[in-house]
Amino acid sequence: MSKSFRSIRGIHDGLTSDVRRWRHIEQTARDVFKCYAFSEVRLPVLEPTALFVRSIGEETDIVSKEMYHFTDQGGDDICLRPEGTAGAVRAYLQAGLTRSGSQRWFYTGPMFRRERPQKGRLRQFQQIGVEWLNVQGPLEDAELLAMAHAFLSELGLPSLRLEINSLGCPVCRPDYRNKLVVYLKSRTDCLCETCNVRIEKNPLRVLDCKNESCQAQLADAPEMASHLCNDCETHFFGLKQALDVLDIPYHVNPRIVRGLDYYNRTAFEIITDQLGAQGTVLAGGRYDGLVGELGGPATPAVGFALGLERIAMLLPETEAELPDIGIVAIGDSVSAYALNVAAELRKAGCSVVHCGGGSAKRQFKMADREHVRFVAVIGEDEMHSNHITLKNMADGNQETLVLNQVITTCLSG
RNA sequence: GUGGAUGUAGCUCAAUGGUAGAGCCCCGGCUUGUGAUGCCGGUGGUUGUGGGUUCGAGUCCCAUCAUCCACCCCA
């Protein structure tokens, strides 16, 4: 048909089979998160641009080139959120919750980043985000990972790889960063162009470079793990110990670097090899400095986000829910009666469709196309005797029943 | 932002530079109170868009847009 209107590049429609899977993922998340006492919040899609510049970091790709931002009619600089954590922290502060103990939140909704579309990468995509505000122990980090692990297992996706790392904190990271810069500067010739730029702007990102020659140079690079301060060291050790106790398999990967500036200490990713280049299905970490950065009191926190579409790609197709009953009404004289029968069936919880009009043959064809389990035939005979002829479409058998029998038959599977 | 591949019917795909086709879907019929399989018939295309080469372009060239994949980035 008309191809003059298409959805915007990288922004896709969620049709029924997609939504079925998304709902399954979301429902599983709600069920699992409930056991950990997390509660749902709904946060704005539009936020002040400055919020993300401040929280994610001006030099990051997300802020420097991927945000959809614009000036609105009132002259305010606003943007479509590229992620959820900054908005959650903003809401937490705005509601004055910093003195109310810890908050356990989750949310779901669309995020927007203007990247080049690819497998597992859209310009509008959905995340389920989890934020645990005002907690500082490694046990909470472990518990959050346990929750993520339980969620993925519940979905039947246990064969994913959990990688963890510690990014240090403002006490130990600057020192480590300096050592890394010295190391990298001694071999600038062997590093790719972008990495040479990174040495000045964000040297930790060099560790994450996928360029083989860069990786080769990093074999002897100083690792954050061996430069952690005592507190970070204890924290990381505590996390690993708790994960062992909980029997959650993990791999320490010193290469994990988060692309958002607010992370510190614990960083983690859950990865699949089945999605090509975009294999990160869930990722997050600790952001102890973010609440303070956004103007609140020093408040430690952990969180993660997962990509709904990416997880959906790992799930098998789910069957559509088909109507229980198709109404075949024969003759104009019964149409009002048939309408009432349908209403009664629906009131009882059956899903019911009318099969149009015309000949019985025509209506049965329609019933077949709708894949109904049963057809309720209603003609003058049925109307006068107050019965319904119910045909089982799978085996072709049919019997004459009263309304209540029809309801039990259709609700009993 | 940079590369590579691909755009033909609603869908999946054909068509040595020479009349655009098939399967599925859809619609109708096979005597009207019984569907799927069967048989017969039918609708449906400015070949993504715009230029160019040619007597002639779905096919070759250029541009543009979109999709997919990779780089990059990240959920």
Side-chain angles (χ1 to χ4, degrees), chain A residues 1-12 25 56 60-66 81-85 108-130 148 192-195 197-198 202 205 208-212 256-260 263 268-272 275-285 303-314 326 328-331 334 355 357-382 389-398:
Chain A
M1 294 297 290
S2 169
K3 289 184 177 166
S4 38
F5 286 108
R6 291 187 54 89
S7 66
I8 294 166
R9 177 168 209 198
I11 300 186
H12 292 184
I25 296 167
I56 301 176
T60 60
D61 283 9
I62 293 178
V63 167
S64 63
K65 50 193 184 199
E66 294 174 1
R81 61 181 180 190
E83 58 100 40
T85 301
T108 165
M111 306 295 166
F112 304 83
R113 294 181 197 170
R114 198 183 178 290
E115 301 181 88
R116 185 92 175 244
Q118 196 184 318
K119 185 184 176 81
R121 189 168 76 183
L122 298 168
R123 289 182 172 184
Q124 175 176 339
F125 60 101
Q126 302 176 84
Q127 287 188 338
I128 298 179
V130 172
C192 71
E193 274 183 48
T194 37
C195 280
V197 177
R198 283 170 176 150
N202 194 348
R205 294 215 61 80
D208 204 27
C209 186
K210 277 145 194 147
N211 189 310
E212 278 184 30
I256 289 188
V257 180
R258 311 271 58 227
L260 294 73
Y263 286 109
F268 54 84
E269 292 186 8
I270 296 181
I271 299 164
T272 173
L275 251 36
Q278 310 299 324
T280 303
V281 131
L282 182 155
F304 66 75
L306 58 94
L308 211 56
E309 288 87 350
R310 287 188 187 174
I311 290 191
M313 283 192 279
L314 300 174
V328 169
I330 298 159
V334 302
C355 299
S359 66
K361 179 192 278 289
R362 193 183 166 80
Q363 292 188 56
F364 264 90
K365 277 193 175 177
M366 170 94 82
D368 192 59
R369 203 176 328 137
E370 293 271 9
H371 298 108
V372 300
R373 294 164 53 224
F374 299 100
V375 162
V377 185
I378 299 169
E380 298 217 352
D381 296 349
E382 285 84 358
T389 301
L390 191 70
K391 176 166 184 171
N392 183 326
M393 292 297 272
D395 59 25
N397 294 330
Q398 63 183 41

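So that the names make sense, note that chain A is the first sequence line, chain B the second, and so on, each numbered from 1. All values reported here derive from a predicted model rather than from experimental measurement.
- You won't find any donor-acceptor pair under 3.5 Å spanning the side chain of E380(A) and the base of rG33(B), going by distance alone.
- rA20(B) and rG48(B) have their P atoms separated by 15 Å, given to the nearest Å.
- Evaluation of the salt bridge (charged side-chain N to carboxylate O under 4.0 Å, His left out) test over residues 361-370 of chain A, restricted to residues two or more places apart or in two chains, returns none.
- The separation of rC26(B) from rU12(B), taken at their C1' atoms, amounts to 16 Å, rounded to a whole angstrom.
- Residue E370(A) is classed as having no contact, given no heavy-atom separation below 4.0 Å to the nucleic acid.
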Under 3.5 Å between N/O atoms: give me all the protein pairs with nucleotides 37-43 of chain B, atom names plus distance.
none

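- Residues satisfying the side-chain hydrogen bond (donor to acceptor under 3.5 Å, both in side chains) criterion with Q118(A), sequence neighbours excluded, are R121(A).
- The residue L282(A) sits close only to the backbone: its heavy atoms come under 4.0 Å of sugar-phosphate atoms, none of a base.
- If you check every strand for non-hydrogen atoms under 4.0 Å, A376(A) touches nothing.
- Taking the side chain to side chain contact (heavy atoms under 4.5 Å, CB included) definition, one finds that N392(A) meets it with F374(A), A394(A), D395(A), sequence neighbours left out.
- Residues forming a side-chain hydrogen bond (donor to acceptor under 3.5 Å, both in side chains) with Q127(A) (at least two apart in sequence, or on another chain): none.
- If you check every strand for non-hydrogen atoms under 4.0 Å, G396(A) touches a base.
- Residues passing the side chain to side chain contact (heavy atoms under 4.5 Å, CB included) test with I25(A) are I128(A), F151(A), L155(A), L308(A), I311(A), A312(A), L315(A), sequence neighbours excluded.
- Separation of the P atoms belonging to rG23(B) and rU43(B) is 14 Å when rounded to the nearest angstrom.
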Measure all distances between protein nitrogen or oxygen atoms and nitrogen or oxygen atoms of nucleotides 65-69 of chain B, and list the pairs falling under 3.5 Å.
| residue | atom | partner | partner atom | Å |
| --- | --- | --- | --- | --- |
| rU67(B) | OP1 | G10(A) | N | 3.3 |
| rU67(B) | OP2 | R9(A) | NE | 2.7 |
| rC69(B) | OP2 | K119(A) | N | 2.5 |

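- Comparing rA14(B) with rG7(B), their C1' atoms are spaced 15 Å from each other, to the whole Å.
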- side-chain hydrogen bond (donor to acceptor under 3.5 Å, both in side chains) assessment of T389(A) paired with Q398(A): CA-CA 7 Å; T389(A) 301; Q398(A) 63 183 41; 5.5 Å; no
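- Applying the 3.5 Å distance criterion, the base of rU34(B) shares no donor-acceptor pair with the side chain of Q363(A).
- The base of rG1(B) does not come close enough to the side chain of K65(A) for any donor and acceptor atom to sit less than 3.5 Å apart.
- By the salt bridge (Lys or Arg N to Asp or Glu O under 4.0 Å) test, K65(A) pairs with D61(A), sequence neighbours left out.
- The side-chain hydrogen bond (donor to acceptor under 3.5 Å, both in side chains) test applied to T272(A) returns no partner, not counting sequence neighbours.
- Contacts of E380(A) classified as side-chain hydrogen bond (donor to acceptor under 3.5 Å, both in side chains), with partners at least two apart in sequence or in another chain: S333(A).
- For R362(A), the listed nucleotide lying nearest its side chain is rG28(B); candidates were rU34(B), rG33(B), rG28(B).
- Below the 3.5 angstrom threshold, one finds a donor paired with an acceptor across the side chain of K391(A) and the base of rU34(B).
- By the side chain to side chain contact (heavy atoms under 4.5 Å, CB included) test, E269(A) pairs with I256(A), R258(A), I271(A), T280(A), A283(A), sequence neighbours left out.
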- Query: Given Watson-Crick or G-U pairs with both distances under 3.5 Å, what dot-bracket string fits RNA chain B, with | for other-strand pairs and [ ] for crossing?
  - Reply: (((((((..((((....[..)))).(((((.......))))).....(((((..]....))))))))))))....
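- For rC72(B), its base sits under 3.5 Å from the side chain of R121(A) at one donor and acceptor pair at least.
- Within the 4.0 angstrom heavy-atom criterion, no nucleotide atom of any strand lies near E83(A).
- As judged by a 4.0 angstrom heavy-atom cut-off over every strand, V281(A) is placed among residues touching the sugar-phosphate backbone only.
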